[in-house]
Structures are given as structure tokens and as C-alpha cells.
4 protein chains.
Amino acid sequence: MAQAAQTTTDKPRNKRAQLLEAAAEHFVRHGYAASSMRDIAAGAGMQPASIYYHFPSKVDLLVAVHEEGLRRITQATAGALIGVSGPWTRLEAACIAHLTALLEGGVFFQAVMREPPDVAGEARSRITEMRDEYEAIFVRLLEDIDFPVDTDRHDLRLMLLGAMNWSFTWYRSGQEAPESIARKFVAYLRDGLAAPLSGRD
Amino acid sequence: MAQAAQTTTDKPRNKRAQLLEAAAEHFVRHGYAASSMRDIAAGAGMQPASIYYHFPSKVDLLVAVHEEGLRRITQATAGALIGVSGPWTRLEAACIAHLTALLEGGVFFQAVMREPPDVAGEARSRITEMRDEYEAIFVRLLEDIDFPVDTDRHDLRLMLLGAMNWSFTWYRSGQEAPESIARKFVAYLRDGLAAPLSGRD
Amino acid sequence: MAQAAQTTTDKPRNKRAQLLEAAAEHFVRHGYAASSMRDIAAGAGMQPASIYYHFPSKVDLLVAVHEEGLRRITQATAGALIGVSGPWTRLEAACIAHLTALLEGGVFFQAVMREPPDVAGEARSRITEMRDEYEAIFVRLLEDIDFPVDTDRHDLRLMLLGAMNWSFTWYRSGQEAPESIARKFVAYLRDGLAAPLSGRD
Amino acid sequence: MAQAAQTTTDKPRNKRAQLLEAAAEHFVRHGYAASSMRDIAAGAGMQPASIYYHFPSKVDLLVAVHEEGLRRITQATAGALIGVSGPWTRLEAACIAHLTALLEGGVFFQAVMREPPDVAGEARSRITEMRDEYEAIFVRLLEDIDFPVDTDRHDLRLMLLGAMNWSFTWYRSGQEAPESIARKFVAYLRDGLAAPLSGRD
DNA sequence: AATGAATGAGGTTTCATTCAT
DNA sequence: TATGAATGAAACCTCATTCAT
């Protein structure tokens, strides 16, 4: 019943949302360049021309997908930190949230954590700017950790994010849970892997 | 005379090589889908139709680029291991070679270490197969290390390769050397980052 | 209250008039084919769909612009003849009025004195018919002049109107006044330009 | 036989020429904006895509049409002056050539003597520049005539050219010959039309 | 070994217009 | 009186590819 009510309430916004979802899905599956407006329109159940009532161009659609995706992942990751304390524990929580969103959260999350497509200046910088804003969460998390001297927090952050973001290339749903993967990544960095007796050569 | 000999000898090879180089460059810069045969031809100094003398189709060009790139990076990484001993030292040497090739070695290396383009079955599996063959080097390197019990070598390998392969998204030439980055990545994993006195929370 | 009355009285007329003006402006500046309903609507401060409340189609808008423009120029030219006598003086007065309207009177005048756009039958003939009606003023003015025998009044009229109507292609506001140009055109035809002593070769 | 030989000789250039001709024809008949590449291609007996082998864009086709048309009309008008003497006679010869070309010489001549279409900067200025170059012929012809003092050669030229260029709006083939019309235009300006006894009011 | 010329399919986008509200 | 949302058709143009030479 609540559902029925919601359906009627949603209707005005439905089409735009469907469109965005269809676009995100195609961008993720085939890449931006290989996603045609025709296919995206078909995925949203409308005519290609109708897209242009909602978005002025294909690249604007891309930007809108990124806006939505980054809004969502920011909410997910920041939300996972509420009430969590202990610097390593917080980092782990953020990584779990990030990786779970990316690997199991749906197309919007994946759409934003890819190598940015080859688009012209303004759109590209808007996308980069939004991503940097999100990644600032991790900058702050690493600042809070008491690392050994001369640890390079910058490279460390990119190492960790790279390891996570690359995972969509090999992750297969139904095998190891994203949470488990994230825990391992953090543990390996925190504890190190040199066996006490074997030396470091 | 030596020149004349070289000219005649090189020419046939040259054109094909130029073409492959131009293709790799476009694939890296704009992605496979956004790279047109026209632009690739222009980059190689020939007419679009002339490409088809050397390669039967665009996707074959892609496969050839991957063949060449993987041949090169295999040679680079395997070569860097010759005469090197100590399991962690060997891993470090391989990472240095891999990252240096990727970030400063030219377009062929970058062309192969990207998320694989959205192409049809046969080409895709050929590319995947070649990549797996290369990454087997790292499988073996990790087998040789005496890790703590219940270390997940599989996830560890993908973590390390992901961190490295993602680096092309943020690396800027002229700043930190790839070798330095690689050393850090390995050190962090080997030694861990939890400060002795601060605890692991 | 006067305001309220005015508002209610003007509004309906206003929007239609604004629309017509915006259409005339676009037709003049970009031509009929290159003027989009979207742009015209924007120029009139309304949505494209709203045009169709006032006019059933684009071509009807064109016809309406011509109706308004020809109404205005007929009024201007015929008005300029009231109380003027002397056949050459009357012709001159008409030419001054025509050229002043065309070059400085605003978009409606220019909209109607252009090569007629490539539209289908009915609209085209309606436009032609209205123009012929206007040009009849000049037919009558020339009938009243006592020309040398075998003067071709038909070609003469078209020569004079052609010279005037073409002027929008080279006229630049702020330089010579339209009135001055019109006087010259008439004077040259009336008095001729062969210098008395130089012969006519 | 000569014909057959010519046909085989012309072949390489044929397609481009046909294309230009078809474009000129459509531009003249429907205007630039209303001429579609599809229709032009059909007129030239090729596929729309094939146009782009010869010309990079629609606007380049327009410029090429103007280049060809202005080349032709310059040749026609300048050619008509060879061996002709007497300043008025020369002006008359030029007007006959101009008007004959325009009204009976085919689409290229008409294509260039129209109000220039609403195209972007570079193409527009190239077209204007070429036209000015052609009209310079008339500048020189008028300089050679010994007019009454204070005759405005500038306005006179534009009056004459306007009268001629406008004629395509009313000229119907098969009635009065262009040559006859041109003679009248020049005669009226040379001799004037005020009847000796009637006065100039 | 290369290319000039062409093409069918499909790309993104704009068009005039409709219609329920 | 106006418009938000949509659409079928068509716009210009690019695509990978072909083929005779």
C-alpha cells in the first residue's frame, strides 16, 4: 500500500531517474564512447529524441550519472563512519563501504570509479573535481592514523584506492564477499606480510 | 650503403610497426571505441584503406597491440628478475620493472594494462589469456614468499597489481619516479604500517 | 484600475504581437528555413508549444508576418503620398517612404521585401498576392508620369524596386540616410547621367 | 567521337563537378538552409556519405559553389569587355553579360548573386570577399565614365547591380531577353526619363 | 604495398508538432 | 492561455570497411 502510494508519487521523477539508470548501466557495461543514445533510450523505454528533453547532450548525461553516483557513494562511505572510532577501524569501515558499494551496489557506483572517459574539458574537470571531493574522505582517514615516520600518505592512499577500484576487473559476484576482500587489504597494510622468521629479502 | 640496406630491410617492418604504434597511442589516449581508423591511419602517415593491407579489421589491430605490449612487458619484467635472488627482493624488482614500463615505457605498456575494451568474444578471450600468462609471473613470485599463515595470495596479487595498474590515472611524469613508488608499495605490504606503540584499532 | 484594465486588454494582443515580432526578427536575420520554432519562442519569451495556441503552424506564422509587414508598408507609402502632387515628386515621395521603411523601419518591413522563402503553394501565393497588391502603388505612380515614348514602364518599375529592395544587402545604418539614397535613385532615372558634352558611347 | 573521348577524359573530375552542380541547383531552388545533403546527393547520383569524400562539410560545398560561380561570371563579364570601347558601351556590354549569365546561364550564376546565406564567419567572409572582387569590375567601369559633377558612383553602382540582381525574382524565361532588359536599364540611367516638355515635378 | 573513391549503417542532435493538463 | 513531456522524421556527419586499380 505504501508502495502503491510511492509509485504514484514518484511518477514525475521516474522518467529522468530511469534514464539516468539506463545511462549508467550502458556506460559501465560498454564504456561511454560505445554507449549510443539509441541504446540508452531503449534501456529507459523512450525514444532517442526524448532524452534531449531531460539532458541537453550525451556528455551532460555522463556528468549527471557521476553526480548521482558520487552523491551515493559519499553518503555510503561517510555514513559507514558514523559512530565508529579508532583510526584503523575507521579506515577499515570506509574500505568495506567503498568496496561493497562498488562491487555490489549497482551501476552508479561502478560508473564513477572507472578511469574517466575521454571527454572534453569542462565535463572532465567537473567529474575530476567531484571525485577529488569524495576521495578527500580517505585523505582525512589517513591523516588520523599514527603511521611510522616517513610513511607517504599520498602514495598510500592511491595504492589503497587503486587496489580497490581495480577490483571490478576481476571480482565475480557470489564468490568472496567485498567485505572480506576489504578487510584483507587493510590488514595486509596494517600488519605487514613479512613472516617474523624469514627476513625481508 | 648501410643506410640503403637498412632502408630496404626496415621498410616493410617499419610501416606495420608505425601503424601498431599509432594504434596503441590512440587506444591509450582515447580508448578503443573512440579511436577511429581514420585517426590511426593519419597517425601512421597512411590512408585508412591502407591499414587493411596489414590488418584485416580494427579488432585485429587491438589484438596485435596487446600481443606486442604483452611481449614487451613480459620481457621487461622477466628480464628484471635474472640474477636476482631473495623472494621479497625479487618481488620488488618485478614491481619496479612493471611500474616503470607502465608509467614511462611508452604507449604499448599502457595499452595492455587497462580495463579491457568492450569487444566481442574471441578477441576478448585472446587478450585475457595473454594477460593471465603475464600475470603468472606474479603468481610464481608470491608462491616463493614465506607469508604468514592464512595469507590470501590470490587477493594479495590482485591488490598489488590493482594498485600498480591504477596508477596511470594519477601519475604525472616528472614528479616521483615509478621506481620509488614501486618500492613503497612493496615495503608497505612487507613491513606493515601499524606503529609499534599505537595499537591496531 | 486603469492599469488593471490596460493589462487585461493588452495582454492577449501583446503576446501575439511579441511572437510576430520575434518571428519577423528571426526570419530576417536567418531566413525562414533556418529559423526554428524553439528560437522564435525563446525570442518571444514563451515555450515552443505555446506558439501553437496562437498560430497553427510555422508557415502560418510566416504568412502572418507578411500580412503585418505589408499592412504597415502600404500604410507608410500610401500615407506619404497624401497631399503630394506632381508625378515625379510623388514617385520620389513613395521611394523615400519605401526605402526608409525598409532600411530603418524595423524587421517587419525587411521581412516582406526579401526573396520569398521556399514554401508550399498556398502560403506562397498568398504572399505573392499581397506583395503585388502593394506594388500596385508603384504601377499607378508610373502611369501618371509622362515618359518618353517606348519607355517600358514594367521593366522600369522592377528596376526601381529591385534597386531599392537589394539595398538591404549593402546598407549600413548610420551612414547615408535612406532618404538621400532614394532621392538619388529617382534623380538618376529622371535626369539621366550622360554628361552633355561627352556623348553616349 | 570527340564526345566519347571527352567522356572518358572527364571521368575523374565528373563526380565532383556533378556534385557541385547538384548543390548549386538545390541552393538556388530552395536556399542553403532548406537544401539537405540527402537531396543534393540524390541530385548527383550518389549516397550522402559520398559527398564527404569530396567536401568536408555542407558549408564547404557552399563556398565551392560560390568559387565556381564567381569564376564563371567573372570570366563572362570580363570576357564581354574585350575589344569593346566607349565607356557607356562598355558598361552596357558588362550589364548584358551579367544579366544574361544570371538569368539564362544556369544555376552557378544564380547561386552567387543572391543574398548571402546565414552561415558562420569564415565562409561568409570568403564569399563576400569573392563577390567584392567581382563587383570591382563595375567599380572600374563607372570610374571611366564622365558623369555630371556630384554623381555618386558608389550608390549608382549598387543601384544598377541591385536592379539586375533582383531580376531573378520576376524574370520568366521565354519572354523578354536578358539582353533587352539590360539595354533598357543602362539607357534609362544614361538618358534619363523626364520628357523634355513635361517638367521634372 | 597502397590508395582513391565510395558506401550502408549508424552516430548525436534538432526539427515542427502533439496532447494531456 | 500556456506548458511539460514526448515523439517520428530528418538533419549533418562519421564509422569501419570494400574494391578496383
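Per chain, numbering begins at 1; letters A, B, ... match sequence-line order. Predicted model, so just to flag it, every value in this text is computed and none were measured.
- Note that the CD1 atom of C:Ile51 and the CE atom of C:Met46 stand 7.0 Å from one another [nearest 0.5 Å].
- When each of E:dT12, F:dC12, E:dC15 is scored by its nearest atom to the side-chain atoms of A:Arg38, the top-ranked nucleotide is E:dT12.
- The distance from atom CD1 of C:Ile40 to atom P of E:dT14 is 17 Å, rounded to the nearest whole Å.
- Between the CZ atom of C:Arg16 and the P atom of F:dA2 there is a distance of 13 Å, given to the nearest Å.
- The residue among A:Ser57 and D:Ile51 whose nearest nucleotide of DNA chain E lies closer to the 5′ end is D:Ile51.
- Proximity of C:Ser50 to the phosphate of F:dT3: a side-chain N or O atom is located under 4.0 Å from OP1 or OP2.
- Note on C:Lys15: every side-chain N or O is 4.0 Å or more away from OP1 and OP2 of F:dT1.
- Across the protein-nucleic acid pair, D:Phe55 atom CZ and F:dT14 atom C1' stand 18 Å apart, rounded to whole Å.
- Comparing E:dT7, F:dA2, E:dT17 by their nearest atom to the side chain of C:Met37 picks out E:dT17.
- Here the straight-line distance linking atom CZ of A:Arg71 with atom CD of A:Glu67 works out to 10.5 Å at 0.5 Å rounding.
- The separation between B:Leu61 atom CG and F:dC15 atom P is 15 Å, rounded to whole Å.
- With F:dA6, F:dC13, E:dA6 as the candidates, the nucleotide lying closest to the side chain of D:Tyr53 is E:dA6.
- Nucleotides of DNA chain F nearest to B:Pro56 and D:Val59 differ in position, and the one nearer the 5' end is that of D:Val59.
- Using a cut-off of 4.0 Å between Lys/Arg side-chain N and Asp/Glu carboxylate O, B:Arg72 and B:Glu68 are scored as salt-bridged.
- Comparing A:Ala33 and D:His54, the nucleotide of DNA chain E nearest to each residue sits closer to the 5' end for D:His54.
- A straight line from CG of D:Asp39 to P of F:dA9 spans 17 Å, rounded to a whole angstrom.
- Across the protein-nucleic acid pair, C:His30 atom NE2 and E:dT14 atom P stand 15 Å apart, rounded to whole Å.
- From D:Gln47, atom CD reaches atom CE of D:Met37 across 13.5 Å, with rounding to the nearest 0.5 Å.
- Pair assignment for E:dG11 gives F:dC12, based on Watson-Crick or G-U wobble hydrogen-bonding distances that are each under 3.5 Å.
- Partner assigned to E:dA20 is F:dT3, using Watson-Crick or G-U wobble distances below 3.5 angstrom.
- Here the C1' atom of nucleotide F:dG4 and the CE atom of A:Met46 are 13 Å apart, to the nearest Å.
- With F:dC13, E:dT12, F:dT18 as the choices, the nucleotide that has an atom nearest any side-chain atom of B:Ala49 turns out to be F:dT18.
- Between D:Tyr52 and A:Gly45, it is A:Gly45 whose nearest contact on DNA chain F lies nearer the 5' terminus.
- Checking the phosphate oxygens (OP1, OP2) of F:dG8, a side-chain nitrogen or oxygen of A:Gln47 falls inside 4.0 Å.
- When atom types are taken as modelled, the side chain of D:Arg38 and the backbone of D:Pro48 share no donor-acceptor pair closer than 3.5 angstrom.
- Considering CZ of B:Arg131 and CZ of B:Arg114, their distance stands at 11.0 Å, rounded to 0.5 Å.
- Within the 4.0 angstrom heavy-atom criterion, only backbone atoms of the sugar-phosphate kind lie near D:Ser36; the bases stay farther away.
- If you check F:dC13, E:dT13, F:dA16 against the side chain of B:Lys58, the one that comes closest is F:dA16.
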